[in-house]
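All values below come from the heavy atoms of this structure, side chains included, with hydrogens, waters and symmetry mates left out. Quick caveat: nothing in here was measured; it's all calculated off a predicted structure.
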Protein chains: 2
Amino acid sequence: MTMQQQREEIIRALKAKGLRVTPQRFAVYANLLHRCDHPTAEDILQDLNRVAPTSSQATVYSSLQTLRQVNLVREVLLEEGVRRYDANLKPHHHFRCQYCGTIADIAWQALAHLDLKNLKSGWQIQDYEVTIHGRCDRC
Amino acid sequence: MTMQQQREEIIRALKAKGLRVTPQRFAVYANLLHRCDHPTAEDILQDLNRVAPTSSQATVYSSLQTLRQVNLVREVLLEEGVRRYDANLKPHHHFRCQYCGTIADIAWQALAHLDLKNLKSGWQIQDYEVTIHGRCDRC
DNA sequence: CTTTGTGCAAACGATTTGCAGGATG
DNA sequence: CATCCTGCAAATCGTTTGCACAAAG
């Protein structure tokens, strides 16, 4: 996919959700899509303003909130007191290295599916996520 | 187990970890052990001071931190921006109702174990946890 | 031109810290 | 009696909010 196509793809996604396409919102979403780590709001802000000022702090926070509401982005909880964001919408699990903090995505199919029947009577399962803790190949 | 035995059990656990047994620390840990929900620091503070002032805010926070460091207590991440605590050390998973927020423990054995072999080459698995989202029997 | 988004700075809630006095082992 | 813990209040961190102005459709 060319650079240009990627841009159009993002614009299409935002419009499809009824969002106005502003440079700041575009930048936040594009940044999240192009990164493979799971950055915090602060990480994104830093990255966007690395070269030239692009967005303010408040705008990054509000963009993330908006993108989350329309399900283009989701929050990931892997560490205590840290909110991370992820634009990978395909269901997947996470592997976090306890030593260096690196986070790797684990494809949904990579795990044998759980047998969730009759877990707790009367409770309906919507979805589930697995977080694996361990040591990565470099630690 | 009698009330008295429970108290002695707690004192033994704290001493075994090299911690001094203060009334405040005792109260925080005992409170957490006797509750089946997964309270926040604030919840614990409220509960302890319900009848008579027992601990200050700073002390509850510091006790939780200390108890966590010695592995008598662990943090649970189930909702965005909320830190909950749990003194149940037996490995278990969590089920959270998306409607009322109720959290239920799922015994480790209740889930068919995951096949975690060959997940990612070079990565060693320490442990994993499953968070299930759904609707509880009362919602 | 109407509506929505941005940026600033102030407000906020949860958690942490500095420090003096108090309790524990 | 040395060390560790507590409580208060102030500091800090991440996030949210109010509001005037700017930009998008």
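Here S56(B) does not reach the OP1 or OP2 of dT6(D): none of its side-chain N or O atoms lies under 4.0 Å away.
Rounded to an integer number of Å, the gap from CG of N49(A) to P of dT6(C) is 13 Å. What separates CD of Q69(B) from C1' of dC4(D) is a distance of 14 Å, to the nearest Å.
Using a 4.0 Å cut-off between charged side-chain N and carboxylate O, K90(B) and D105(B) make no salt bridge. Note on R83(B) versus E80(A): no salt bridge recorded, every NZ/NE/NH1/NH2 to OD/OE distance being 4.0 Å or above.
Checked against side chain to side chain donor-acceptor pair (under 3.5 Å), Q57(A) has no partners two or more places apart in sequence or in another chain. Under the rule for a side chain to side chain donor-acceptor pair (under 3.5 Å), the partners of R74(B) that lie at least two apart in sequence or sit in another chain are H92(B).
The stretch residues 14-26 of chain B comes close to DNA chain D through R20(B), T22(B), Q24(B), R25(B), each having a heavy atom under 4.0 Å from the strand.
Sequence neighbours left out, the pairs with a member in residues 33-57 of chain B that pass ring pair (Phe, Tyr, Trp, His ring centres under 6.0 Å) are H38(B)-H94(B). Sequence neighbours left out, not one pair with a member in residues 48-73 of chain A passes ring pair (Phe, Tyr, Trp, His ring centres under 6.0 Å).
Tracing side-chain contacts under 4.5 Å through hydrophobic residues (I, L, V, M, F, W, Y), one never reaches Y128(A) starting from V76(B); they form parts of separate clusters.
Of the N and O atoms on the side chains of Q46(A) and E42(A), at least one donor lies less than 3.5 Å from an acceptor on the other residue.
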Could you pull out the protein-nucleic contacts involving nucleotides 12-17 of chain C (nitrogen or oxygen on both sides, under 3.5 Å)?
| unit_1 | atom_1 | unit_2 | atom_2 | d |
| --- | --- | --- | --- | --- |
| dT15(C) | OP2 | Y61(B) | OH | 2.3 |
| dT15(C) | O5' | Y61(B) | OH | 3.4 |
| dT16(C) | OP2 | Q65(B) | OE1 | 3.4 |

